[in-house]
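Reading through the structure tokens given below for one structure.
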Number of protein chains: 2
Amino acid sequence: MANTKNVSKAVVNRLPRYYRTLRELADQGIGRISSKELALQMDLTASQIRQDLSCFGGFGQQGYGYSVDKLIVELERILGVAGSQRAILLGVGNLGRALLRNFDFSYCGVRPIAAFDTAQTVVGSDFRGIHVHALQELEEYCERERPDIAVLCVPADKAMDMAQRLVKNGIRGIWNFSNVSMKEDVLGVPVQDVHFSDSLMTLCYRMKDTDPFDEINEIE
Amino acid sequence: MANTKNVSKAVVNRLPRYYRTLRELADQGIGRISSKELALQMDLTASQIRQDLSCFGGFGQQGYGYSVDKLIVELERILGVAGSQRAILLGVGNLGRALLRNFDFSYCGVRPIAAFDTAQTVVGSDFRGIHVHALQELEEYCERERPDIAVLCVPADKAMDMAQRLVKNGIRGIWNFSNVSMKEDVLGVPVQDVHFSDSLMTLCYRMKDTDPFDEINEIE
């Protein structure tokens, strides 16, 4: 297996989608899949699939296809989702509650262990077994439990201060729903932003009646 | 401007990120930017930036850079976000409320005009001026108001039926938070899924202490 050092960022960004698609196939009881079928599922070309999978040690065999289960295990290892990271959630408003109640953290190998808020109305309550602590307990809690990930659902104007406080308390990665861009080189840990607007814009783009590239041609 | 017909899907997928970055620059009062500076902001190479922007008519000038405002206007046109699409939201649980209360639809050129739910506790209430109707009023409402986009926040087991009902009522695009994959060829309209898990997985990947590609080399 060659070229593994040269895996491009574009391939890395596609890994979660490969993982998701393969998990769906496994759920449907499908054990093997050809690059052609996988290409159809993922809206890529078969040769792109073959190239991507070879980058991370794809187990395809001519005329036989890929083993869905083996690819899933390999992707879990590469993505680090089999690592059982522990997460705390900051800000138990509507979005925080939606995540605690409905999001399948375990799918990503992550376990939520606590939530924090300042509002008396929510501190002390539980969501699917996750207890909401008062924010002032954060330092003591982090020292004792050493969580890995912080899920940041606080208002925009509090996001950066909170992120810095979390990093000071040993948090190693931030899943950022706060709609504020954070400089990773200032914080010193990876920050993954969730930008709802990107997907709504892509939808609007795809809903355009006219071929957008015809329009582009009119620019000049 | 050549090659506009050959704009790759990868470029199209980057358009919202270009738009977001340029809007942030404009907010900071920055009027021009070089491909090198923009590359730093977006974690791409300068030559990739120049190539991408040339695909959609970038206005760069040697030694002068790009006009931020002009690029924003162009991107709005290409993305179709200047089109004032009208959206209804289905399912006013925690996630639906979070979107109605906090998400900036106007940033994407979308205007939410109504929400629908079945729960008596929420029907009749308002969120930032958006009224929650009983679901049984959906048909009559759609015939009268002709909304373009449906924001789907219903539980997974109700998602597909609801999507088909919406398309029957003239909805032209679905922004899907239901965590259920929908076949666009069955529905006949674009569906844009929001997969929280993709970004959490990418975070886990980036938090791995060891170089993942060293590990990949051990596979064989």
Report task. State which residues pass ring-ring contact (aromatic ring centres under 6.0 Å, His included) with A:Phe177; sequence neighbours excluded, sorted by chain then number. Result -> A:Trp175, B:Phe196
Requested in this report: Evaluate the criterion side-chain contact (heavy atoms from CB on, under 4.5 Å) for residue pair B:Arg20 and A:Asp198; output intermediate values, then yes/no.
Outcome: CA-CA 8 Å; B:Arg20 181 153 42 76; A:Asp198 285 8; 2.7 Å; yes
Report task. Verify side-chain contact (heavy atoms from CB on, under 4.5 Å) between A:Tyr107 and B:Leu200, making sure each step is shown before the conclusion. Result -> CA-CA 10 Å; A:Tyr107 183 90; B:Leu200 181 53; over 6 Å; no
Query - A:Asn94 vs B:Leu95 side-chain heavy atoms within contact, under 4.5 Å - result: no
**Report entry** Contact origin within A:Leu44 toward chain B - heavy atom pairs under 4.5 Å
**Finding:** neither
Requested in this report: Could you list which of residues 151-160 of chain A have a heavy atom closer than 4.5 Å to any heavy atom of chain B, in residue-number order?
Outcome: none
Report task. Give the member of B:Val189, B:Ile174, B:Asp193 that has the highest number of heavy-atom pairs under 4.5 Å with chain A. Result -> B:Ile174
Report task. Locate the shortest heavy-atom distance separating B:Cys108 from A:Cys204; write the atom from each residue and the value. Result -> O-SG, 4.0 Å
Query raised in the report: Should the heavy atoms of other residues, nucleotides or ligands under 6.0 Å from CD of B:Gln48 be counted, would the total exceed 12?
Result: yes
Report summary line: When the 4.5 angstrom heavy-atom criterion is applied to B:Phe103 and chain A, the contacting part is side chain
Query raised in the report: Does any heavy atom of chain B fall under 4.5 Å from the side chain of A:Val191, the backbone, both, or neither of them?
Result: backbone
Requested in this report: Quick one: which of A:Glu24, A:Gln192, A:Arg17, A:Arg97 has the most heavy-atom pairs under 4.5 Å with chain B, could you say?
Outcome: A:Gln192
Requested in this report: Apply side chain to side chain donor-acceptor pair (under 3.5 Å) to A:Glu184 and list each qualifying residue two or more places apart in sequence or on a separate chain.
Outcome: B:Arg206
Query raised in the report: So do B:Leu203 and A:Pro190 actually touch side chain to side chain, heavy atoms under 4.5 Å?
Result: yes
**Report entry** Option that, when pairs with chain B are counted at under 4.5 Å, heavy atom only, ranks first among A:Gly173, A:Ser199, A:Ala98
**Finding:** A:Ser199
Report summary line: From the list A:Asp148, A:Ile149, A:Asp104, the residue making the most non-hydrogen contacts under 4.5 Å with chain B is A:Ile149
Query raised in the report: What residues, two or more places apart in sequence or in another chain, satisfy side-chain contact (heavy atoms from CB on, under 4.5 Å) together with B:Asn179?
Result: B:His195
Report summary line: If one checks every heavy atom of A:Asp43 against chain B at 4.5 Å, the contacting part turns out to be both
